[in-house]
Amino acid sequence: MKLRLAAALAALSLAACSSSDETNEATAPGSEAPTATPAPSASTETASLPEAIPAAIQGRWGLVPADCTSTRGDAKGLLVIGPGKLTFYESVGTLGTVKDAGGNRLLASFAYTGEGMSWSREEELVVSDHGRELVRTEYGDDAMQQPLHYIRCE
């Protein structure tokens with residue numbers, strides 16, 4: 001029995017040594033050991049997002065044609081978009097965090113002020129029809145249920 005136990009221990013020791021030797025050989029300098037591929041960083045996976053509203057979205061937009069032509073200051077559906085702001089009849093939204101963007105599309109958070117109140121809203125702005133139409137969609141609590149469609153003021 002002692003002989004069998006000694007033989008088993010010797011076999012296990014030999015197996016442990018040869019397994020250790022194989023590991024050392026695989027990682028020894030000059031060996032063909034497989035290397036781990038590092039995970040790509042976030043900066044290489046996604047293009048950097050703009051810090052301003054894309055130029056294709058900027059401009060004057062009206063819910064109806066009269067919003068673009070009123071000279072009395074009563075164009076309640078007029079939306080003026082600049083590099084960092086959405087300006088409405090009685091409120092202003094300041095660009096916050098840009099979440100996604102393209103040449104004619106922006107998804108971002110905006111901090112609004114108007115009529116003595118402040119609120120935040122995530123919005124998507126998409127220009128289509130060769131730059132003549134803007135669709136503005138709100139997300140989050142108290143967001144409008146349907147997107148608003150604007151026409152570009154000439």
Path from [X] to [Y] over hydrophobic side-chain contacts below 4.5 Å:
X     : Y      : result
Val64 : Leu134 : no
Val92 : Ile57  : no
Ile53 : Leu49  : yes
Val80 : Tyr89  : no

>> If only side-chain N and O atoms count, and only distance matters, is there a donor-acceptor pair under 3.5 Å linking Tyr150 with Arg136?
In response: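 On atom types as modelled, these side chains qualify, holding a pair under 3.5 Å.
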Residue pair [X] / [Y], side-chain heavy-atom distance below 4.5 Å:
X      : Y      : value
Phe88  : Glu90  : no
Asp100 : Arg105 : yes
Pro54  : Leu106 : yes
Thr87  : Leu79  : no
Pro83  : Gln58  : yes
Phe110 : Leu95  : yes
Leu86  : Leu125 : yes
Lys76  : Leu63  : no

> Closest approach of Trp119 and Met117, non-hydrogen atoms and distance?
Replying inline: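 Residues Trp119 and Met117, closest heavy atoms: CZ3-O, 3.9 Å.
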> What is the minimum heavy-atom distance between Gly62 and Cys153, and which atoms define it?
Replying inline: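 Nearest pair, atom of Gly62 first, then Cys153: N-SG, 3.8 Å.
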Between the side chain of [X] and the main-chain N/O of [Y], is any donor-acceptor distance below 3.5 Å?
X      : Y      : result
Ser118 : Thr113 : no
Asn104 : Val127 : yes
Asp67  : Gly77  : yes

> Has Glu154 got more than 12 heavy atoms of other residues, nucleotides or ligands less than 6.0 Å from its CD?
Replying inline: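 No, because the 6.0 Å sphere around CD of Glu154 holds 12 heavy atoms or fewer from other groups.
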>> Surrounding CG of Asp141 (heavy atoms of other residues, nucleotides or ligands, distance under 6.0 Å), is the total greater than 12?
In response: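 It does not: Asp141 CG has 12 such atoms or fewer within range.
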> Are Arg152 and Glu133 close enough, and set up right, to give a salt bridge (charged side-chain N to carboxylate O under 4.0 Å, His left out), and what steps lead you there?
Replying inline: CA-CA 6 Å; Arg152 185 179 292 276; Glu133 182 181 19; over 6 Å; no
Nearest-0.5 Å distance, [atom1] of residue [X] to [atom2] of residue [Y]:
X      : Y      : atom1 : atom2 : value
Gln145 : Glu138 : CD    : CD    : 10.0 Å
Tyr112 : Glu123 : OH    : CD    : 3.5 Å
Trp61  : Ile151 : CH2   : CD1   : 9.5 Å
Asp142 : Met144 : CG    : CE    : 11.5 Å

>> Run the side chain to side chain contact (heavy atoms under 4.5 Å, CB included) test against Glu122 and tell me which residues pass, sequence neighbours left out.
In response: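 Per chain and number, Glu122 pairs via side chain to side chain contact (heavy atoms under 4.5 Å, CB included) with Lys99, Leu107, Tyr139.
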